[in-house]
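All ligand and atom numbering here is 1-based and tracks the order in the structure.
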Amino acid sequence: MKRVVVDKLNTNSDYGVDMKKRKLKKEDILSERTGIQCLIFDFDGTLAETEEAHRNAFNKAFNSNKMNWYWDQHIYKKLLQVAGGKERIEFYNKSFLSRSKQLSRKDIEEIHFQKTKFYLQSVSQGFVQLRPGISEFLEKAKYNKKKLAISTSTSRDNVTLLLRSCLKENPEDVFSFISTGDLVEKKKPSPDLYKLVLAEMNLMPEECLAFEDSRIGLVSAKRANIKTAVNPSQYSMEDNFDEADYFLTSFLLEQFPKSLRRILSL
Ligand code: XBP
Ligand code: MG
């Protein structure tokens, strides 16, 4: 499709209507004219409920290193405000431990490496599945010529293994680009992971729609000027989603808001 580049919106009647009356913003016009071409999915909590598997993997790593750390669901919910497993350990290290007991950066790398091994084991044993409706939604979107991408603070290995075990096709054949925490300096809520998708796929924010489960993910997508649909997950039910453009309670298409199905033309 020819790419519509709207660099300056004439407020008179560029689109045959009085812009003032419709009070549409440039990006609304653009996404109406060009349509949403790319759906960008967050991974943990959005494509799949993974955080219990992550939490258990963290605790197994702490235990195997004979550390007296244990992250219950209450503390893990707080720690999920920090994206990135290494960053999460660092945050806990600095916030909850006296200086004398704090771990070195090298220790943190080692513990996170072991945590990832335990997490990948649990994924390969089938303990993590895609959220209900996701595989049908992805199939329907692909059938309707939507491009798909992923934007996640986790690592590529974590994404690939789970998708390989849950999807019929190779993840690289389903998603045009997979933006992962190991590719950027700053993880969510920084917009870098989403901006990397836009740059790699040569897309404008208005041509995309993001799907997120958490506040830090919502903020990340909005800072990249991408409209965002939020579907909270197990740990993010009480997050503040004021800036969300759409609010979902499931990924079953028939339960999507009509306005969302319209702009997705699904
Ligand atoms: C979720 C995260 C990740 C996972 C843990 O990412 O913040 O850090 O919790 O995975 P998103 P790692 O919601 O953006 O998919 O230990 O590999 O970071
Ligand atoms: Mg998430």
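- Aromatic pair Phe62/Trp71: centroids less than 6.0 angstrom apart.
- Ranking the protein heavy atoms by distance from atom 7 (O) of ligand 1 puts Arg88 NH2, 2.8 Å first.
- To the nearest 0.5 Å, atoms OG (Ser155) and CZ (Phe43) are separated by 9.0 Å.
- For ligand 1, the atoms lying closer than 4.0 Å to a non-hydrogen atom of Asn158 are 17 (O).
- Those atoms of ligand 1 with a heavy atom of Ala83 less than 4.0 angstrom away are 7 (O).
- For atom 10 (O) of ligand 1, the nearest non-hydrogen atom of the protein is Thr154 OG1, 3.1 Å.
- Among all non-hydrogen protein atoms, the one lying nearest atom 18 (O) of ligand 1 is Gly85 N, 2.6 Å.
- Across every non-hydrogen atom of Ala57 and Tyr119, the tightest pair is CB-N, 3.6 Å.
- Comparing heavy-atom distances from atom 5 (C) of ligand 1 across His54, Lys86, Arg55 singles out His54 as nearest.
- Counting heavy atoms closer than 4.0 Å to ligand 1, residue Thr116 contributes nothing at all.
- Both the backbone and the side chain of Asp44 come within 4.0 Å of ligand 1, judged by heavy-atom distances.
- Leu248 and Leu148 fall within a single hydrophobic cluster, where Ile, Leu, Val, Met, Phe, Trp and Tyr are joined by side-chain heavy atoms under 4.5 Å apart, directly or via other members.
- Within the 4.0 Å heavy-atom shell around ligand 1 one does not find Glu212.
- The side chain to side chain contact (heavy atoms under 4.5 Å, CB included) with Thr152 is formed by just one residue from the set Asn158, Thr46, Val159; it is Val159.
- Considering backbone and side-chain atoms alike, Lys187 places every N or O at 3.5 Å or more from each N or O of ligand 1.
- Within a 6.0 Å radius of OH in Tyr143, no more than 12 heavy atoms belonging to other residues, nucleotides or ligands are found.
- Tested against Tyr76 for a side-chain hydrogen bond (donor to acceptor under 3.5 Å, both in side chains), the candidates Arg55, His54, Arg88 yield a single pass: Arg88.
- For the 3.5 Å distance criterion, the side chains of Glu110 and Gln114 qualify, holding a donor opposite an acceptor.
- Near Glu51, the atoms of ligand 1 lying under 4.0 angstrom from a non-hydrogen atom of the residue are 1 (C), 4 (C), 9 (O).
- With respect to atom 15 (O) of ligand 1, the closest heavy atom belonging to the protein is Thr152 OG1, 2.6 Å.
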Please walk me through it: do Asp213 and Arg131 pass salt bridge (charged side-chain N to carboxylate O under 4.0 Å, His left out)? CA-CA 11 Å; Asp213 72 301; Arg131 287 182 73 173; 5.8 Å; no
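- In this structure, Gly84 has a heavy atom closer than 4.0 Å to ligand 1.
- Looking at Lys188 against ligand 1, only its side chain comes within 4.0 Å, counting heavy atoms.
- Donor-acceptor pairing under 3.5 Å is recorded for the side chains of Asp44 and Thr50.
- At a cut-off of 2.8 Å, measuring from the Mg ion (ligand 2), the protein N, O or S atoms that fall short of it are Asp42 OD2, Asp44 O, Asp213 OD1, waters left aside.
- Cation-pi geometry between Lys115 and Phe58 is met: the NZ or CZ atom falls under 6.0 Å from the ring centre, inside 45° of the normal.
- At a cut-off of 3.5 Å, with distance as the only test, no side-chain donor of Asp157 or Thr160 sits close to an acceptor on the other residue.
- One hydrophobic cluster, built from ILVMFWY side chains closer than 4.5 Å, cannot hold both Val230 and Phe137; they sit in different ones.
- Atom CZ of Phe113 has 12 or fewer neighbouring heavy atoms from other residues, nucleotides or ligands inside a 6.0 Å radius.
- Which parts of ligand 1 touch Phe43 is read off a 4.0 Å heavy-atom cut-off, strictly below it: atoms 15 (O).
- Ligand 1 is never approached by Glu87 to a heavy-atom distance shorter than 4.0 Å.
- Atom NZ of Lys222 sits about 12.0 Å away from atom CD of Glu212, to the nearest 0.5 Å.
- For Ser151, no nitrogen or oxygen atom sits less than 3.5 Å from a nitrogen or oxygen atom of ligand 1, counting backbone and side chain alike.
- Of all protein heavy atoms, the one closest to atom 13 (O) of ligand 1 is Asp42 OD1, 2.9 Å.
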